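Just so it is clear, the model here is predicted, and its values are computed rather than measured. Note on naming: letters A, B, ... go to the chains in the order of the sequence lines (proteins, then strands), and numbering restarts at 1 for each one.
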There are 2 protein chains.
Amino acid sequence: MTDTNENALSRSPDEQASGFEAVRTAHQSEMVEDYVELIAELIQLNGAARPVEIAERLGVTQPTVSKNLNRLKREGLILQEPYRSIRLTEEGRELAEACRQRHRIVVDFLVALGVSQEVAEYDAEGIEHHVSEETLAVFHAFTKERAKG
Amino acid sequence: MTDTNENALSRSPDEQASGFEAVRTAHQSEMVEDYVELIAELIQLNGAARPVEIAERLGVTQPTVSKNLNRLKREGLILQEPYRSIRLTEEGRELAEACRQRHRIVVDFLVALGVSQEVAEYDAEGIEHHVSEETLAVFHAFTKERAKG
DNA sequence: TACAAAAGTTAGCTTTGGCTAAATTTTGTA
DNA sequence: TACAAAATTTAGCCAAAGCTAACTTTTGTA
Ligand SMILES: [Mn+2]
Ligand SMILES: [Mn+2]
Ligand SMILES: [Mn+2]
Ligand SMILES: [Mn+2]
């Protein structure tokens, strides 16, 4: 149990900073990702995505949703005529699909590892935004391996 | 490969909202946790934690650090006389220790799983704030199991 | 088909955590 | 020991994302 010094203290300031910077960057895309993912789910579930339901499932108020949807419009991810329900653009659909896949990989991985379904869903909502391609690939491989065994 | 419907679409609005709410809550404690953890590291490494180094290792400017340190003071986690370096209160030390342990568990888990050391450190910086006690315990158990085998 | 309830929007406030510019204090060195 | 450089702080700006209150539009139903 000797300390190999392979810990945070052995990292250069720059290396350490790049980790914190990545977290801040991830948090900037997080809202958009969760919205398009949820919109895709609601369309699949109900045939339409309405702001009132987005608000309910995110646990925020309707004005918050209304304001954030404007950002998604600006970014070309959704289409919405005033007072009507929401559609995804092609770009929005693609982002939503990528987010749903990533979310699914994280949840399935946690479950394969032994975490309960409820907690897996709960934790995945945050974890999904901080998983690099490399880590995601490792998660996916682990889940597939477990499924075979 | 039939879909068991054990997916996001089968969850109640309330269940789904509680996940998003947990993420927002985690993000509120994140800054404080990263600061005390880093301060503890710098004290161990250099005998002192100076704002200029905190700024460098977080990748933010010195005024940002100065402002955020005031929050840590208000919350009773650090002590600092003006223009002097930073000490942790007993409460700050305890929080730092808990954060370092959690960080270490997440990094070691990712490495045990097959993620490279660099990417493990990188991803852990964000993931650590979104891991419930249950998931953390599963991570820890997995790492210990791997160490034996 | 009127009209109340529900949904959506707008306006405006708050907090958080970034930033730059400039002032102050400490530190290191000629 | 003077003084330049470095560190720290203060002041003030900004954007993001939450909120409430109030307004507008749509929907459902008596
Ligand atoms: Mn999420
Ligand atoms: Mn998600
Ligand atoms: Mn996060
Ligand atoms: Mn962190």
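Whole-Å rounding puts the Glu81(B) CD to dT9(D) P distance at 11 Å. Atom CD of Glu30(A) is separated from atom C1' of dA16(D) by 13 Å (rounded to the nearest Å). Between Glu21(B) atom CD and dA17(D) atom P there is a gap of 17 Å when expressed in whole angstrom units. In this structure, the CD1 atom of Ile86(B) is 8 Å from the P atom of dT8(D), given to the nearest Å.
Residues Phe139(A) and Leu110(B) form a side-chain contact, since some pair of their non-hydrogen atoms from C-beta on lies under 4.5 Å apart. For the pair Glu21(B) and Arg24(B), the minimum side-chain heavy-atom distance is below 4.5 Å. Using a 4.5 Å heavy-atom threshold, the side chains of Glu97(A) and Gln101(A) count as touching.
Residue pairs meeting the side-chain hydrogen bond (donor to acceptor under 3.5 Å, both in side chains) criterion with at least one partner in residues 52-66 of chain A, sequence neighbours excluded, are Asn46(A)-Glu53(A), Arg57(A)-Gln16(B), Thr61(A)-Thr64(A). For residues 27-38 of chain B, the pairs satisfying side-chain hydrogen bond (donor to acceptor under 3.5 Å, both in side chains) are His27(A)-His27(B), His27(B)-His130(B), Glu33(B)-Arg102(B), Glu33(B)-His129(B), Asp34(B)-His129(B), Tyr35(B)-Asn68(B), Glu37(B)-His103(B), with sequence neighbours left out.
Here Gln28(A) does not reach the OP1 or OP2 of dA15(D): none of its side-chain N or O atoms lies under 4.0 Å away.
Checking side-chain atoms of Glu134(A) against main-chain N and O of Ser116(B) turns up a donor-acceptor pair under 3.5 Å.
Taking all atoms of both residues into account, the shortest heavy-atom contact from Ile86(A) to Ile54(A) is CD1-CD1, 3.6 Å.
Atoms CZ and CD, from Arg100(A) and Glu41(A) in turn, are 5.5 Å apart once rounded to the nearest 0.5 Å. Here Leu95(B) contributes atom CG and Ile78(B) contributes atom CD1; the two are 12.0 Å apart, rounded to the nearest 0.5 Å.
Within residues 53-73 of chain A, the residues approached by DNA chain C to less than 4.0 Å at the level of any non-hydrogen atom are Gln62(A), Pro63(A), Ser66(A), Lys67(A), in residue-number order.
For DNA chain C, the span of nucleotides reached by chain A at under 4.0 Å from its heavy atoms goes, 5' to 3', from dA7(C) to dG18(C).
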(request) Can you run through DNA chain D from 5' to 3' and write each base as (, ), [, ], | or . depending on how it pairs? Watson-Crick or G-U wobble, both distances under 3.5 Å. (result) ||||||||||||||||||||||||||||||
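Nearer the 5' end of DNA chain D, as judged by each residue's closest nucleotide, is the contact made by Arg74(A), out of Arg84(A) and Arg74(A).
Of the listed residues (Asp108(A), Val107(A), Val106(A)), just one forms a side chain to side chain contact (heavy atoms under 4.5 Å, CB included) with Arg104(A), and that residue is Asp108(A).
The hydrophobic cluster of Val52(A) has no other members, since no ILVMFWY side-chain heavy atom comes under 4.5 Å of it.
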